[in-house]
Each structure stands twice: as C-alpha cells, then as structure tokens.
Amino acid sequence: MYLGIDLGTSSLKALLITDDQQVVGSTSSSLIVSRPESGWSEQDPQHWIEALQAAMSALKSQHPKELGAVRAIGLSGQMHGATLLDKHDAVLRPCMLWNDSRAHKQAQILDGQAIFRQQTGNIVFPGFTAPKAMWVENNEPDVFSKIAKILLPKDYLRLWLTGEYVSEMSDASGTSWLDVGKRKWSSELLESCALSLDQMPKLVEGSEPSGILKAKIASQWGMENNVIVAGGAGDNAATAIGMGIQKNGDAFLSLGTSGVVFAATNNFLPKPESAIHAFCHALPDKWHQMGVVLSATDSLNWYANITQSSAKELTQPLGDQLKAPSGITFLPYLSGERTPHNDANIRGAFTGLDHRSDRETLTQAVLEGVAFAIKDNLMALEEAGTKLTGVTVAGGGSKSEYWLKLMATILNVSVKVPKAGELGAVFGAARLAMLSEGNCKIDDICTSPVIKNIFEPQTNLIDDYDDAYSRYKSLYSQIKETP
C-alpha cells in the first residue's frame, strides 16, 4: 500500500492506493485562509498539522488494515509559501501563501537584478518565496533576524513527519533561489536576499526517499517502522505525475481555483520575458513549462457568490450547444494576473454591458474571459518553444461540458477528459511514493489515464472567437492605463 498526502489551499487530502494503483480510500480535512489586509493571504502551519491528523484519523478508522500495510508516503502541496522557522523549529509568523501579493515591490527589486532570471530562468513573481522573505526583512526585521530555516508548506509537513529539512526540485523551483538548470540552490541568489545555504533544506528528486516516518507517528497510524517519505512535488508537478504527464510535449490544463497550462519537457527551456514558468519536474532530468491564470474557477465562484447561485445553476442554462461570443468581455484579473502580464495590481472588469445583459449572458462572458486568459498562456508557451495540439483537462471546471467546448474552440486544440477517478495531485504524490522504493520504472507507474471524451474545436465559431480574443487582448493596456 502507498499513501499520498496533498496539502492544498482549502483542504488537505490523503489517499491510499494499492501496488497496482487502485484507490482504496481517501479523506480530506478543510483549511481556512486568513486575509488580514488587501492582497494578503496567510495560514497558520499548525492548522496543516491538525488537518493532517484529522484526515489520517478518519482514514485509519475506515481502512486500518490497509493503512498498516503502507510502505511509502508521497507529499504534494501548494507552492511558494514562506514558512519561517527559528532555531527551535518554532514558526515565526503565519505562512504567506502562493496568492499573497504584498511583496510586489520586493519582487520588482529582485527581478531587476539580472542574475535572478539568468539562474532561475524565471521572472521573480510577487507570489514566489524570495520576495516574501525580503518583505519580512523590510517590514518585520525582528522576525527576519530569527530565521533558521525557510520551508515550503509541504516540507513543513515533512519536518513534522520525519524530522528532516528536505525539499525537492519542482517545489524549490518556485522560490527564486534555485538554479533550475543545474537543479541546486544558488548561493548568489540567497546572498542577494541576505540569506545563506544553511537556511535552506536539503534537495532530493521527487521520486527519491527524503526520510523515514517517525516511529511515534507510524505507531499512531498503525504502520510498521521504516516507512519511506518520498521527495514528492509541488501541486502542479504532482498533478502532472497523477495524469501521466511526464514525456516531452505531454500537457494538461487545470481548471481549478487558478488555471494552469503545464507542458513536460526533456530540457530546461527558459524564456522569462514571456512570463512562463520554466521549472524542474518531479522526476530526474525532466523539466516543465507552465503558465498560470490566477482566477479560473475562482472567477465563476466570485460571480456565483454575487448572484447568490451555485456554479452549476449558472452554467446549466447555457445548454449543450456552444454559442457565438457573448459580446461582453470579462477580464478575470480578480487577484492580479501571472501569465503573461506579471501584474499584481491589475484588476478585473466587464466591458460591453447593455440593457440586454442578463445573468446567463454574463455567465457566458465569465467562462469566455477565463478561456481567453488560458489562450494567453498557450500563446506564451508557443513563444517559449512549446506548441500544443491537445491538452488533458483536470479540476473542478472540467465538469462543465459547455466550458470544455468553449476551451477547445478558443484554444483551437483537442481537449481530452479522463474517465472519472482520482488523477490529481494526491494521486501523483502516491505514485511518487511508489517510485521512491526504487523497484519500479517511471513509464510503468506514470501512465496516462483512460480518456472518456474528447472535445474538438468547433470550426464554424473559431473566427468569431478569434475576433473576441483580439478585443480581450486590447483591453489589458486600456484598463492598466485607467487612473
């Protein structure tokens, strides 16, 4: 048996699978995000431990025998979070999360130093870990002076599980301190942030062992001693592993809270000016390119909250047939935007409203706006050297057939929908646990899912949506220049 643990933003999930990758059981425990000021997003790391204990307690009550047979554990987690520890491993302040944008000024300062793009292959985004540490130095110097270790969220769980300070390549790529091509920490980048290698965790590959589960915790969960804890992966790389996205050119589209376009590559292919991430994959000698839309289903959920409706109640009236463009343009910049703009301050908008603009039309416009933002990402990937002809889709937004038909047409690629089943980050984490034993080949474990449906572009509407996309693209500069 193998256990995957995924520390998300809104919940922690645990998943048990057999050695032939059949799901035995899963549990989850909810998490709350604190937003004490505009643009801030924080969590108390102690709540992660409590959520893990709750999830594992439920899993043990449901599947005690199977849990007792676990041989390895894999970890996945939300990326970029700055978990600051003192010399006694005490947490110094709440963890600033991936969608915390307070450090945008510090990000600009670091990105202005040529060495960051040269060594990381990426823009220094406000959500990355390095500018957050710099923000703490500038605004909470007493806290900064006490930092002994900086850990990413899932790696704080690892410390609790194993007592080891360890991270892995995919998650470390999102700190702005990793030399991504060489797959090692950069002492020069750390020194630019008044930090040192001593304050960083050890690095392993995601499919390698990172430590052994503490005997006390193993006993509590009914496990044997010597349970391996694998390196694991950041959530997007773990999702890719769960979906079998590991060969050059394989790609997935995640329609979750954020939207992600992820393409596996055999080589490090940086092009930071396109605002595409060039990160290490969770497997040795593999990398990936990734574009990020900060508000994907989050945009629909925002509109659902305003209209006091569920997302399903909003999308169901659109029917099964793809409509011509709504004529209204929605810019989904509710929390700023990552790719391709790298703009923490831009905000969303509706344009083209008139007296005929009803709830259904605005719903259609929201779906279109997110799809246009995803197309921005595909265009940026193409500029960075990766042209996609198809994507496998995951996330909550993949439940809307209308949205998938719209995506296929706007993106002009095939959109493949896997059969129902666990394919996400927690499943990828369990797969990495399997690989960490060293008894399996990557190609045998990281297989592609069975496809249930394929949505092809509707050629009669491609030109209309290309025109609507042109309007969408022109609006960013107009909104940005508005006082």
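Just so you know, these numbers come straight off a predicted model, no measurement behind them.
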Exercise. Considering residues at least two apart in sequence or located in another chain, which fulfil the side-chain hydrogen bond (donor to acceptor under 3.5 Å, both in side chains) criterion with Asn99?
Worked result: Ser41
For this session: Any pair with a residue in residues 168-189 that passes salt bridge (Lys or Arg N to Asp or Glu O under 4.0 Å), sequence neighbours left out, goes on the list, sorted by first then second residue, please.
Result: Lys154-Glu168, Lys154-Asp171, Arg183-Glu205
Problem set entry | Electrostatic pair Lys441-Asp443, nearest N-O below 4.0 angstrom | no
Problem set entry | Within residues 44-55 or reaching into it, pairs that qualify as salt bridge (Lys or Arg N to Asp or Glu O under 4.0 Å) - sequence neighbours excluded | none
Exercise. Which residues satisfy the side chain to side chain contact (heavy atoms under 4.5 Å, CB included) test with Asn267, sequence neighbours excluded?
Worked result: Leu269
For this session: Would you indicate whether the side-chain heavy atoms of Phe279 and Gln289 approach each other to under 4.5 Å?
Result: no
Exercise. Quick one: are Gln43 and Leu97 in side-chain contact, heavy atoms under 4.5 Å?
Worked result: yes
Exercise. Who are the ring-ring contact (aromatic ring centres under 6.0 Å, His included) partners of Phe116, not counting sequence neighbours?
Worked result: none
For this session: Write out all pairs satisfying salt bridge (Lys or Arg N to Asp or Glu O under 4.0 Å) with one or both partners inside residues 127-141, taking only residues at least two apart or from two chains.
Result: Arg93-Glu140
Problem set entry | salt bridge (Lys or Arg N to Asp or Glu O under 4.0 Å) involving Arg158 - partner list, sequence neighbours excluded | Asp155
Exercise. Hey, does Ser192 have a side-chain heavy atom less than 4.5 Å from the side chain of Gln113?
Worked result: yes
Exercise. So how far is it from Ile241 CD1 to Asn236 CG, rounded to the nearest 0.5 Å?
Worked result: 12.0 Å
For this session: Give the ring-plane orientation class for Phe330 versus Trp302, where under 30° counts as parallel, over 60° as perpendicular and anything between as tilted.
Result: parallel
For this session: Applying side chain to side chain contact (heavy atoms under 4.5 Å, CB included), name anything that partners Asp298, two or more places apart in sequence or on another chain.
Result: Thr257, Ser295
Exercise. Do we get Arg35 above Trp40's six-membered ring, with its NZ or CZ under 6.0 Å from the centre and within 45° of the axis?
Worked result: no
Exercise. Is Trp98 close to Ser258 at the side-chain level, that is, under 4.5 Å between some pair of heavy atoms?
Worked result: yes
Exercise. Rounded to the nearest 0.5 Å, how far apart are NZ of Lys399 and OG1 of Thr297?
Worked result: 10.5 Å
Problem set entry | Pairwise side-chain contact, Asn138 with Met134, heavy-atom cut-off 4.5 Å (strictly under) | yes
For this session: Hey, could you give me the CG/OG1 distance between Leu178 and Thr120, rounded to the nearest 0.5 Å?
Result: 8.5 Å
For this session: Could you list the residues that satisfy salt bridge (Lys or Arg N to Asp or Glu O under 4.0 Å) with Arg117, not counting sequence neighbours?
Result: Asp111
Problem set entry | Ser219: partners by side chain to side chain contact (heavy atoms under 4.5 Å, CB included), with sequence neighbours left out | none
For this session: Go through the steps for His281 and Phe268 under the test ring-ring contact (aromatic ring centres under 6.0 Å, His included), then give the verdict.
Result: CA-CA 10 Å; His281 206 338; Phe268 179 44; over 10 Å; no
Exercise. For Pro201, what residues pass the side chain to side chain contact (heavy atoms under 4.5 Å, CB included) criterion, not counting sequence neighbours?
Worked result: Leu151, Tyr165, Ser167, Trp185
Exercise. Please walk me through it: do Lys473 and Asp376 pass salt bridge (Lys or Arg N to Asp or Glu O under 4.0 Å)?
Worked result: CA-CA 8 Å; Lys473 280 187 70 68; Asp376 272 349; 3.6 Å; yes
Exercise. Do Lys271 and Glu383 have side-chain heavy atoms sitting under 4.5 Å apart?
Worked result: yes
For this session: Taking the side chain as every heavy atom from C-beta outward, state whether Leu435 and Leu283 have any pair of such atoms under 4.5 Å apart.
Result: yes
Exercise. So Asp343 and Tyr333, side-chain hydrogen bond (donor to acceptor under 3.5 Å, both in side chains) or not? Walk me through it.
Worked result: CA-CA 9 Å; Asp343 191 337; Tyr333 308 142; over 6 Å; no
Exercise. Under a 4.5 Å cut-off applied to non-hydrogen side-chain atoms, are Tyr2 and Leu15 in contact?
Worked result: no
For this session: Name all pairs fulfilling the salt bridge (Lys or Arg N to Asp or Glu O under 4.0 Å) condition that reach into residues 67-80, sequence neighbours left out, sorted by first residue then second.
Result: Arg71-Glu437
